[in-house]
Amino acid sequence: MTNAAPLTANELDALLRFYADVGADEALGDEPIDRFATKNERPRQRSLKAKTAQAAPPATPAVPKSAVIPDQGVAESAGRLAAQAANLDQLREVLAGFDGCNLKATSRHLAFEGGDRQADLMIVGGAATRDDDARGSPFSGPDGVLLKNMMAAIGLDSQTQTYQALCVPWAPPGGGPPTPIHLSILKPFVMRQIELAAPRHLLIMGNIAAKHLVDPKQMILRLRGQKFDVSFGQWNGSALVMHEPSYLRDQPSAKRATWHDLLALKKQLTLS
């Protein structure tokens, strides 16, 4: 049996994304094991590792366990804190001080909101990107440019006529997707943000946000282009689901369907 070729950077990235999608975010042991090595090779590898252990750089301090695997107390705390916020400023302050999600420890900024709070249209995306993390605002960088162009195509200014938020306002390491744990912890905050913003229209962008806020059993390809009745606290209304800018940059062929979705959004905004 020949040795497998080393993974390319893209292949490794795809593999890590797969592990995150299935929730495999912890190693089963303290040390990785090369399961392709023969039985005679494994003791030698462990021996070599033991000899060089002292020369290895110090490990990054571990994040408290409660921030990684939430118990019932962490989940209840998130819901209680979100409910206590009387306005968006208070909600932002509460979220900035919340230590129940380990993504905060590896992020530079909280990407809490963008655009105008008073806008009729609120856009909710999935997780913060590296650009969002650097700027501290949703839909930054290339995603923000594309969103601006999409809104401009139907006569809207993305900065003054939309209010933007994210289900996960801290960027997952490596640009990967958030885990179900992250989404579960942070859901009370984004629900309260929608409730406090009280938009006339809600646009859910991307697979993560659509599954999280509309229908966890369906993928974006089945949900996009449709309106759904949703309720977040005291806010009740309809939400239109659409592809997010990052998906459209990776899959340009989806822009045709998204154009029809934009026209549906424009009609909805015009009629109400």
[X] to [Y] - nearest heavy-atom pair and separation:
X	Y	answer
Lys266	Thr270	O-OG1, 2.7 Å
Arg135	Ser140	CD-OG, 3.4 Å
Asp261	Leu240	O-CD2, 3.8 Å

Is there a donor-acceptor contact under 3.5 Å from the side chain of [X] to the main chain of [Y]?
X	Y	answer
Ser107	Leu103	yes
Gln193	Phe112	yes
Arg192	Leu91	no
Glu195	Trp235	no
His182	Thr179	yes
Gln251	Tyr247	no
His109	Asp133	yes
Asp132	Thr129	yes

Open item on the list: Under 4.5 Å between side-chain heavy atoms, counting indirect links through other Ile/Leu/Val/Met/Phe/Trp/Tyr residues: same cluster for Leu263 and Met150 or not?
Closed with: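 Same hydrophobic cluster.
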TODO: To the nearest 0.5 angstrom, please state how far the CG atom of Asn236 sits from the CG atom of Asp229.
DONE: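 CG of Asp229 is found 9.0 Å from CG of Asn236.
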- [ ] Look up atom CG in Leu262 and atom NE2 in His260, then write down how far apart they are to the nearest 0.5 Å.
- [x]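 Here the rounded value is 10.5 Å.
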Task: Sole residue of Ser246, Pro142, Pro245 in side chain to side chain contact (heavy atoms under 4.5 Å, CB included) with Leu147 - done: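 By the side chain to side chain contact (heavy atoms under 4.5 Å, CB included) criterion, Leu147 pairs with just one of Ser246, Pro142, Pro245: Pro245.
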Table please: side-chain donor-acceptor pairs of residues 209-216 below 3.5 Å, with sequence neighbours left out.
{"from": "Lys211", "atom 1": "NZ", "to": "Pro216", "atom 2": "O", "distance (Å)": "2.9"}
{"from": "His212", "atom 1": "NE2", "to": "Leu183", "atom 2": "O", "distance (Å)": "3.3"}
{"from": "Asp215", "atom 1": "OD1", "to": "Lys217", "atom 2": "N", "distance (Å)": "3.0"}

